[in-house]
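All heavy atoms count here, side chains included; hydrogens, waters and symmetry mates do not. Counting starts at 1 for both ligands and their atoms, in listed order.
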Amino acid sequence: MNSVKFLIHTYGCQMNVRDSEAVEALLVRAGHVRVEREEDAELVVVNSCTVRQKAEEKAVGKAGNLIAAGKIVGLMGCAVKRLGPDVFKRIPKLHFAVGPRAFWMIPRIVGEGRYPVLETGDDMVPQGMDAHAETGRGGTFAAVQSYVTVLLGCDNRCSYCIVPDVRGHEYSRPAEDVVAEVRCLVERGVKEVCLLGQSVLRYGVRNQAWEDGWRGEAFPRLLRALDGIDGLERIRFTSAHPKGCTDELLAVYRDSRKVCRHLHLPVQSGSDRILAAMGRRYTRAEYLDAVRRLRALDPEFAVTTDVIVGYPGETEADFEETRSLMEEAGFDNSFVFKYSPRPGTRSAALPDDVPTSEKERRNQVLLADQEVRGQRRNERLVGTVREVMVEGPSKRNESRWSGRDGGNRIVVWDRDGGERVGDLVKVRITAAHPQTLIGELA
Ligand code: SAH
Ligand code: SF4
């Protein structure tokens, strides 16, 4: 079979990044060659997102342009599952399309070379998810860090969200496989892993994760097992739901030096009325209680979030509740999204009644609040010493190094010469910005 020069473009979340890495490793294993530049590629795979309409349009537009440029083009990921056979109407002459759980079929499809092909994948359990460990290309941010998908799909069915429709039902990968994959990554130089799942604390809830029939909480046990791997320095995971913030999980945070004190805990809204409409299954008070318990463990515990503005029926009063919740929670960082109705979701049946200009205004207000709050949260760290993993030269200034502390805060300092990527160094913080800390080697 002919070797093909290929390139992958990735849109969307960390899980897509991880899936693209798996496809890359599987294509390389099948004898194909990854190239850096689009003009050198014969095959381009576009990994798509559909969580908001704009995200889908970007990926679909990109695939169309590549076809016009004469490439063999495959679309993978969430938009494929949403569009189904209509994908070939949206993108005429597309060669192949594979859904989020069918990515592992790409090497076979390319090998056979008979187009068009559609594989939506549905609830399929992908093979070769650990192929990235084999090639040693863990590197998402740097070669020393790697994503590891542990929980596929989502069973939460929040009213606005298309993810359960496109990524299928929850499936927890066997814990033994996850541990083996992380061991393999560590042997190849990875020092930090980030475990991925839409609602990752539900790991082991729908299907049994541990072969020995463990009846306790599966995710905290997984964290403890990974904590025992020599050479692994840091463990992160995302995304979380307040219901998963159990005493067991808190005990792991307390006991483990490796489990980072950062939690991405999407809140979506601060209004109980909107939270109920969204089907989030917690109240404002329950959410804030989870944050309070994390910060009781460590006042510098970093909590970050996602918020949606302009959900159907969101009033000015609801929005102000979101603002005040964000202030009470003291988020270290937040990602704000303008509500986008997604076909087939429960909320798509409701009128999208907050005007675009008002969504934009609410978005800007929350971003401005976060700037002030981020500055204030970061200023508390001036004068303290943070443990930072070296990631590489700073993008803005090559004479400086950049890395992250356990709270996922970006830290920048003047290079000393002795540090290597993947080292854990102590940095004394000398100045704070809303999104970055500046320091010097301590
Ligand atoms: N599984 C994650 C979220 C995945 S989607 C979790 O529940 O924590 C990432 C973010 O996109 C969500 O947290 C939400 O803030 C946003 N989002 C999801 N659907 C959306 C929609 N229809 N419109 C606008 N934002 C949306
Ligand atoms: Fe979507 Fe809710 Fe599942 Fe997150 S938990 S992926 S927001 S349905």
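- The shortest non-hydrogen separation linking Leu232 to Lys191 is CD1-O, 3.4 Å.
- At under 3.5 Å, a nitrogen or oxygen of Gln198, whether backbone or side chain, sits near a nitrogen or oxygen of ligand 1.
- With 3.5 Å as the limit, one finds no donor-acceptor pair spanning the side chains of Arg361 and Gln364.
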Discussion item. Working note: Arg362 + Ser357, criterion side-chain hydrogen bond (donor to acceptor under 3.5 Å, both in side chains); need CA distance, chi angles, decisive distance, verdict.
Written reply: CA-CA 9 Å; Arg362 293 179 188 178; Ser357 59; over 6 Å; no

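- Nearest protein neighbour of atom 8 (O) of ligand 1, counting heavy atoms only, is Pro266 CG, 3.0 Å.
- The backbone of Lys338, and not its side chain, has at least one atom closer than 4.0 Å to an atom of ligand 1 (non-hydrogen atoms only; backbone = N, CA, C, O).
- In this structure, Lys243 places its NZ atom where more than 12 heavy-atom neighbours from other residues, nucleotides or ligands lie under 6.0 Å away.
- Interface of Arg52 with ligand 1, defined as ligand atoms under 4.0 Å from a residue heavy atom, comprises 11 (O), 16 (C), 17 (N), 23 (N), 24 (C), 25 (N), 26 (C).
- When all heavy atoms are compared, the tightest approach of Pro126 to Leu152 is CD-CD1, 3.5 Å.
- The side chain of Arg280, and not its backbone, has at least one atom closer than 4.0 Å to an atom of ligand 1 (non-hydrogen atoms only; side chain from C-beta on).
- Aromatic rings from Phe237 and Tyr203 are positioned such that their centres are separated by 6.0 Å or more.
- With ligand atoms numbered from 1 in the order given, ligand 1 contributes 12 (C), 13 (O), 14 (C), 15 (O) to contacts under 4.0 Å with heavy atoms of Gln268.
- Annotation for Ser20 and Asn47: closest pair OG-ND2, 3.0 Å, computed over non-hydrogen atoms.
- Near Asp306, with a cut-off below 4.0 Å to any heavy atom, the atoms of ligand 1 are 9 (C), 10 (C), 12 (C), 13 (O), 15 (O).
- Remark: among candidates Ser269, Cys154, Ser340, Ala55, the nearest residue to atom 22 (N) of ligand 1 is Ser340, based on non-hydrogen atoms.
- Taking each heavy atom of Arg157 and Pro164 in turn, the nearest pair found is NH1-CB, 3.7 Å.
- Counting atoms of ligand 1 from 1 in the listed order, those under 4.0 Å from a heavy atom of Tyr339 are 23 (N), 24 (C).
- Residue Val51 touches ligand 1 through backbone and side chain together, judged by heavy-atom distances below 4.0 Å.
- By the 6.0 Å contact criterion, CD on Glu316 is enclosed, its count of non-hydrogen atoms from other residues, nucleotides or ligands being greater than 12.
- Closest approach of Gln53 and Ser340 over heavy atoms only: N-OG, 3.1 Å.
- Looking only at protein heavy atoms, the nearest one to atom 7 (S) of ligand 2 is Tyr160 OH, 3.4 Å.
- A side-chain N or O of Thr246 and one of Glu217 form a donor-acceptor pair less than 3.5 Å apart.
- At a 4.0 Å heavy-atom cut-off, ligand 1 touches Arg342 through the side chain alone.
- Protein atoms that are N, O or S and lie under 2.8 Å from atom 2 (Fe) of ligand 2 are these: Cys158 SG.
- Taking each heavy atom of Arg236 and Gly406 in turn, the nearest pair found is NH1-O, 2.9 Å.
- Contacts with ligand 1 closer than 4.0 Å are made by heavy atoms of both the backbone and the side chain of Tyr160.
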